[in-house]
There are 2 protein chains.
Amino acid sequence: MSRSGADLALLLLGGFRSLVDDATDELAQRGYQDVRPVHDFAIRAIAAGADDATRLGQRLSVSKQAAAKTIAVLQERGYVTRDADPLDGRRKRLQVTDLGFEVLRQGEEIFDELRDQWVRRIGRAELERLEKHLATLVGGSAVRLDTPGWMTRDLGGSS
Amino acid sequence: MSRSGADLALLLLGGFRSLVDDATDELAQRGYQDVRPVHDFAIRAIAAGADDATRLGQRLSVSKQAAAKTIAVLQERGYVTRDADPLDGRRKRLQVTDLGFEVLRQGEEIFDELRDQWVRRIGRAELERLEKHLATLVGGSAVRLDTPGWMTRDLGGSS
DNA sequence: GCGGTTAGACAACCTGGTTGACTAATATCT
DNA sequence: AGATATTAGTCAACCAGGTTGTCTAACCGC
């Protein structure tokens, strides 16, 4: 048992991947075949007020062009709409559709269920302790999602 | 404070990114400018016996072609050599160079130092507890590194 | 009204993956 | 031995998701 710093990093990555892969799987089984976590995050950001491409890009720490590509996908799948802003002719105001909110809701539900599974395995107090420490270590600093590929790709044999 | 499943995922990702970004920064400062964690992992896998492109690919859960591309980079930078296998004319046997081992050593050292910093912040016992739980939850299952981009990319304002 | 800024679109390009096709060498089977 | 199958590596085409740069149209301030 090495307990090296590198192992620690791998453990964290492993934990993350485990959750995300399982969640993506489950989301697919519930009928949202091609939703990737990055879509979920993007929809969430839009719902939270990043309602145009530029702001979404800022929120996601990617260029506005990259954000626009993501938006195009979300729009095509019916998770967001894009209509002209009456107050500013340049902007295209983004709005999350009912379907979009539904994906969000299900995504949350799935993640919560996965967390519950973890609670069952190591106990509530222990998991909360783990979260508390991680929060301390990671700090409030926003987690950047600007990792091309990676969470957007389809997964092999995860679950 | 939501303590939702999604937050947990973000915490894990944040922890990982924090370590990896800092490590990459530090490695760069020590003169290994363009080493990304993925290179470290690849060298490590080669040193551990995945000494041809096919096996390296399997180890890293990527195609042999992708592995070959990585190898080309490692070779160009002098971290590995590739010579004919006297026993099997098809294979090109990989070997980690002294420089390659040096990168590995420094990488380890850096990660260990980062872990020490964490120990200082939350205490040895707590960190070990965290590691123990994560190990339980993630299981022995090999962590897949097949995330295109992401750890290979250069980092913005991390540290 | 005019110059500067801002939102979005378009295009070219990069990285790091993928699959598919092909060659050469080794293994296996009759 | 010889025919056949497998295996390692390479090449090429392609894809996803990002980047920068350029351009247009609309807004803002003087």
Side-chain angles (χ1 to χ4, degrees), chain A residues 24 34-42 46 49-77 80-95 144-157, chain B residues 24 34-42 46 49-77 80-95 144-157:
Chain A
T24 309
D34 34 20
V35 178
R36 302 274 170 276
V38 73
H39 299 135
D40 183 280
F41 285 117
I46 294 167
D51 68 341
D52 64 51
T54 302
R55 274 195 270 175
L56 181 61
Q58 290 168 348
R59 185 72 69 102
L60 265 36
S61 310
V62 298
S63 62
K64 62 181 177 179
Q65 292 89 334
K69 289 186 190 180
T70 302
I71 291 167
V73 173
L74 294 178
Q75 187 180 13
E76 182 192 303
R77 299 194 184 153
V80 303
T81 56
R82 235 166 49 112
D83 34 35
D85 185 333
L87 300 161
D88 185 339
R90 296 166 300 178
R91 293 185 64 220
K92 305 283 179 66
R93 213 175 20 181
L94 300 172
Q95 268 180 300
R144 301 175 61 207
L145 278 320
D146 62 340
T147 66
W150 139 258
M151 28 172 42
T152 64
R153 291 219 14 273
D154 106 329
L155 32 123
Chain B
T24 309
D34 35 18
V35 178
R36 302 275 171 274
V38 72
H39 299 136
D40 184 280
F41 285 118
I46 294 166
D51 67 341
D52 64 51
T54 302
R55 274 193 269 177
L56 180 62
Q58 291 169 347
R59 185 74 68 104
L60 265 38
S61 309
V62 299
S63 63
K64 63 181 177 179
Q65 293 91 331
K69 288 186 190 179
T70 302
I71 292 168
V73 173
L74 294 177
Q75 186 180 11
E76 183 192 303
R77 300 197 183 151
V80 303
T81 57
R82 236 166 49 112
D83 35 34
D85 184 332
L87 299 160
D88 184 339
R90 295 166 300 178
R91 295 184 62 218
K92 305 283 181 66
R93 211 172 22 181
L94 300 172
Q95 269 180 298
R144 300 176 62 207
L145 279 318
D146 61 341
T147 66
W150 136 261
M151 31 173 38
T152 65
R153 288 220 14 273
D154 105 329
L155 30 124

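Every chain is numbered from 1 and lettered A, B, ... according to where its sequence line falls, protein lines coming before strand lines.
At whole-Å resolution of the value, CG in B:Leu94 and P in D:dA8 are 13 Å apart. Following rounding to the nearest Å, A:Leu87 (CG) and C:dT6 (C1') show an atom-to-atom distance of 16 Å. In this structure, the NZ atom of A:Lys69 is 12 Å from the P atom of D:dT20, given to the nearest Å. Atom CD1 in B:Ile71 sits roughly 12 Å away from atom P in C:dG17 (whole-Å rounding). As rounded to whole Å, 15 Å separates atom C1' of D:dA25 from atom CG of A:Asp85. The nearest whole Å value for the distance from the CG atom in B:Asp52 to the P atom in C:dA25 is 17 Å. Whole-Å rounding puts the A:Leu56 CG to C:dA7 C1' distance at 13 Å. Atom CD of B:Glu76 and atom P of C:dG16 are 12 Å apart (whole Å).
Closest approach of B:Ala84 to B:Arg93, counting heavy atoms only: O-NH2, 4.0 Å.
Ranked by how close their nearest DNA chain C nucleotide is to the 5' end, B:Asp88 and A:Ala68 are led by A:Ala68. Comparing A:Val73 and A:Arg90 against DNA chain D, the residue whose closest nucleotide sits nearer the 5' end is A:Val73.
Backbone-only contact: A:Arg82 has heavy atoms under 4.0 Å from sugar-phosphate atoms and none from a base. Across all strands, A:Thr54 comes closer than 4.0 Å only to sugar-phosphate atoms, never to a base (heavy-atom distances).
Distances shorter than 4.0 Å separate some side-chain N or O of B:Lys92 from OP1 or OP2 on D:dT10. Contact check, A:Ser63 against D:dG18: no side-chain N or O comes under 4.0 Å of OP1 or OP2.
B:Thr70 places a side-chain N or O within 3.5 Å of a backbone atom of B:Ala66 that can act as its donor or acceptor partner.
In terms of polar N and O atoms assigned as donor or acceptor, the side chain of B:Gln65 never comes within less than 3.5 Å of the base of C:dG16 in a complementary pairing. One N or O donor and one acceptor, one from the side chain of B:Lys64 and one from the base of D:dG9, sit under 3.5 Å apart.
Residues meeting the salt bridge (Lys or Arg N to Asp or Glu O under 4.0 Å) test with A:Arg90, sequence neighbours left out: A:Asp88.
With D:dT10, D:dA8, C:dA7 as the candidates, the nucleotide lying closest to the side chain of B:Arg91 is D:dA8.
Screening B:Arg91, B:Lys92, B:Arg82 for a side chain to side chain donor-acceptor pair (under 3.5 Å) involving B:Asp51 leaves a single residue, B:Arg91.
At least one side-chain heavy atom of A:Gln58 sits under 4.5 Å from a side-chain heavy atom of A:Thr54.
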